[in-house]
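As structure tokens, the structure follows; a few thoughts come after it.
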Amino acid sequence: MKLSDHTVFIAGGTSGIGQELARRFAAAGSTVVVGGRTEDALARLAEEGFGTVRIDVNDAASVTSARDTVLARYPGLDTVVTMSGVMHMEDLRDPAHFEATAATVETNLLGTIRVVDAFTPHLIGRGAGTFVTVTSGIAFLPFPAMPSYAASKAGVHAYSEALRAQLAGTGVDVVELVPPAVATAGQEKVNPHALPLDEFATEVMDLLAQEPTPREILVKGVQMHRWAERDGTYDDLVAQRSQALANLPGRQG
């Protein structure tokens with residue numbers, strides 16, 4: 001994937017990984033439009049020179065409005081990154097967890113689908129373009145304390161595979177970005193092994209620039225997650241990660 005001369009829309013790019021990728025695409029010579037819900041963050045990014053648009057991926061009308069605004073301003077849009085996501089700890093022994101489950105699936109899976117659906121006709125009409133969906137190493141190696149996050153990201157992986165198959169021959173590519181724990185959004189406080197954001201972003205951009213672009217963008221730090229079943233390490237790693245269940249509020253004391 002050539003990194004310059006693209007017009008890129010990043011839904012959920014006002015912070016963390018999405019914001020860093022926005023800056024990397026812009027530095028490489030692409031026009032970048034950032035979508036998000038936080039007005040202050042959007043204003044700050046607009047001051048940096050980014051295009052901005054308000055979008056709530058949980059609201060179909062908001063997604064449609066954002067799509068119309070982006071395409072009116074940037075009719076040459078050719079790359080859409082579905083970055084929005086939420087992560088919650090859940091105790092499945094407590095039925096009250098379902099509120100967190102619903103919110104997670106709504107944003108991570110249905111939000112991704114809403115954004116993809118909104119821009120699919122445009123990219124097919126161009127005869128060329130790229131969707132970059134964002135999953136997680138947890139999609140392949142569950143973290144039992146975050147069950148709905150794992151399930152939603154596994155769902156995005158499966159959906160990405162199906163989308164790629166259905167768009168074959170249209171000129172529209174589907175690339176799945178699979179981050180490990182990255183030192184942003186508080187991960188650096190709870191996970192000493194979280195990958196530094198700068199290091200992660202550099203590796204991601206290097207992988208995106210490969211010809212042909214890999215179907216899955218797998219930095220070195222996520223390889224153990226992605227290939228755990230193949231490598232025979234899955235059961236042991238899930239058992240290790242299950243130790244975090246002891247930290248759930250209802251299981252302490």
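- Taking 4.0 Å as the cut-off between side-chain N and carboxylate O, Glu211 and Lys2 do not count as a salt-bridged pair.
- The CE atom of Met1 lies 4.5 Å from the OG1 atom of Thr130; values are rounded to the nearest 0.5 Å.
- A salt bridge links Asp198 and Arg24; the closest N-O separation between the charged side-chain nitrogens and carboxylate oxygens is under 4.0 Å.
- With hydrogens and angles ignored, the 3.5 Å screen pairs no side-chain donor or acceptor of Ser30 with any backbone N or O of Val32.
- Val156 and Ile17 are assigned to two separate hydrophobic clusters, defined by single-linkage of ILVMFWY side chains at heavy-atom distances under 4.5 Å.
- At a threshold of 4.5 Å between non-hydrogen side-chain atoms, the residues Val8 and Ile10 count as touching.
- For the pair Ala209 and Leu3, the tightest heavy-atom approach, listed with the atom from each and the gap, is CB-CD1, 3.9 Å.
- Residues satisfying the ring pair (Phe, Tyr, Trp, His ring centres under 6.0 Å) criterion with Phe119, sequence neighbours excluded, are Phe9.
- Using a 4.0 Å cut-off between a side-chain N of Lys or Arg and a carboxylate O of Asp or Glu, Arg215 and Glu176 do not qualify as a salt bridge.
- At least one side-chain heavy atom of Leu208 sits less than 4.5 Å from a side-chain heavy atom of Met205.
- Val33 and Leu42 end up in different hydrophobic clusters when Ile, Leu, Val, Met, Phe, Trp and Tyr side chains are linked at under 4.5 Å.
- Under the 4.5 Å side-chain heavy-atom criterion for grouping Ile, Leu, Val, Met, Phe, Trp and Tyr, Val70 is connected to Val172 within one hydrophobic cluster.
- Put simply, the residue from His225, Glu229, Gln223 that forms a side chain to side chain donor-acceptor pair (under 3.5 Å) with Trp227 is Gln223.
- Heavy-atom minimum distance, Glu20 versus Ala201: CG-CB, 3.5 Å.
- The line from CG of Asp68 to NE2 of His122 is 12.0 Å long, rounded to the nearest 0.5 Å.
- In this structure, Ser62 contributes its side chain and Asp56 its backbone to a donor-acceptor pair below 3.5 Å.
- Inter-residue side-chain proximity for Leu177 and Thr135 is flagged as unmet; no heavy-atom pair is nearer than 4.5 Å.
- Using a 4.5 Å heavy-atom threshold, the side chains of Leu167 and Val174 count as touching.
- If you check the side chains of His97 and Asp91, you find no donor sitting under 3.5 Å from an acceptor.
- Checked by atom type and distance alone, the side chain of Arg251 never pairs as donor or acceptor with a backbone atom of Ala246 at under 3.5 Å.
- One N or O on the side chain of Asp94 and one on the backbone of Ala96 form a donor-acceptor pair closer than 3.5 Å.
- For the pair Arg164 and Glu161, the salt-bridge criterion is met [side-chain N within less than 4.0 Å of a carboxylate O].
- Atom-to-atom distance recorded for Thr31:OG1 and Phe25:CZ is 12.0 Å, nearest 0.5 angstrom.
- A donor-acceptor pair under 3.5 Å is absent between the side-chain atoms of Arg23 and the main chain of Gly18, judged by distance alone.
- Judged by distance alone, with hydrogens and angles left aside, the side-chain atoms of Thr38 form no donor-acceptor pair with the main-chain N or O of Asp40 at under 3.5 Å.
- To the nearest 0.5 Å, atoms CG (Asp173) and OG1 (Thr79) are separated by 9.5 Å.
- With a 6.0 Å radius and a threshold of 12 heavy atoms from other residues, nucleotides or ligands, Glu99 has its CD atom at or below the threshold.
- Between the side chain of Asn108 and the backbone N or O of Val86 there is at least one donor-acceptor pair closer than 3.5 Å.
- At a threshold of 4.5 Å between non-hydrogen side-chain atoms, the residues Pro144 and Arg241 count as touching.
- Side chains of Asn58 and Thr107: a donor-acceptor N/O pair is present below 3.5 angstrom, by distance only.
- In this structure, Leu77 CG and Leu123 CG are separated by 6.5 Å, a value rounded to the nearest 0.5 Å.
- Here the shortest heavy-atom pairing between Met224 and Leu237 reads CE-CD2, 3.7 Å.
- Contact annotation: the side chain of Val219 approaches that of Leu195 to within less than 4.5 Å [non-hydrogen atoms, C-beta and beyond].
- A distance of 11.0 Å separates CD1 of Ile55 from CZ of Arg37, quoted to the nearest 0.5 Å.
- Residues Leu45 and Glu48 meet the side-chain proximity criterion, which asks for heavy atoms closer than 4.5 Å.
- The heavy-atom pair separating Val57 from Arg114 by the smallest distance is O-NH1, 2.9 Å.
- In this structure, the side chain of Lys153 does not engage the main chain of Leu109 through any donor-acceptor pair within 3.5 Å.
- For residues 142-170, the set of pairs meeting the ring-ring contact (aromatic ring centres under 6.0 Å, His included) definition, not counting sequence neighbours, comprises Phe140-His157.
- In terms of hydrophobic clustering, with Ile, Leu, Val, Met, Phe, Trp and Tyr side chains grouped at heavy-atom distances under 4.5 Å, Val105 and Met83 are assigned to different clusters.
- Between Val80 and Val116, the closest side-chain pair of non-hydrogen atoms is not below 4.5 Å.
- In this structure, Thr14 and Arg44 approach most closely via the heavy-atom pair O-NH2, 3.7 Å.
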Note to self: Before you tell me yes or no, could you show the steps for Glu216 and Arg226 under side-chain contact (heavy atoms from CB on, under 4.5 Å), namely the whole-Å CA-CA distance, both residues' side-chain angles and the distance that decides it to 0.1 Å?
What the structure shows: CA-CA 10 Å; Glu216 297 177 4; Arg226 179 64 180 94; 2.7 Å; yes

Next item on the list: Could you check Val175 against Phe131 for side-chain contact (heavy atoms from CB on, under 4.5 Å), going step by step and ending with a plain yes or no?
Entry: CA-CA 6 Å; Val175 177; Phe131 282 113; over 6 Å; no

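- Side-chain N or O atoms of Thr101 include none that pairs as donor or acceptor with a backbone N or O of Ser148 at under 3.5 Å.
- Criterion: ILVMFWY side-chain heavy atoms under 4.5 Å apart, direct or through other members. Under it, Val115 and Ile124 are part of a common hydrophobic cluster.
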Checklist line | Step-by-step salt bridge (Lys or Arg N to Asp or Glu O under 4.0 Å) determination, Lys220 to Glu203 | finding: CA-CA 8 Å; Lys220 294 183 181 68; Glu203 195 171 352; 3.8 Å; yes

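- Heavy atoms only, all atoms of each residue included: Thr133 and Ser160 are closest at OG1-OG, 2.7 Å.
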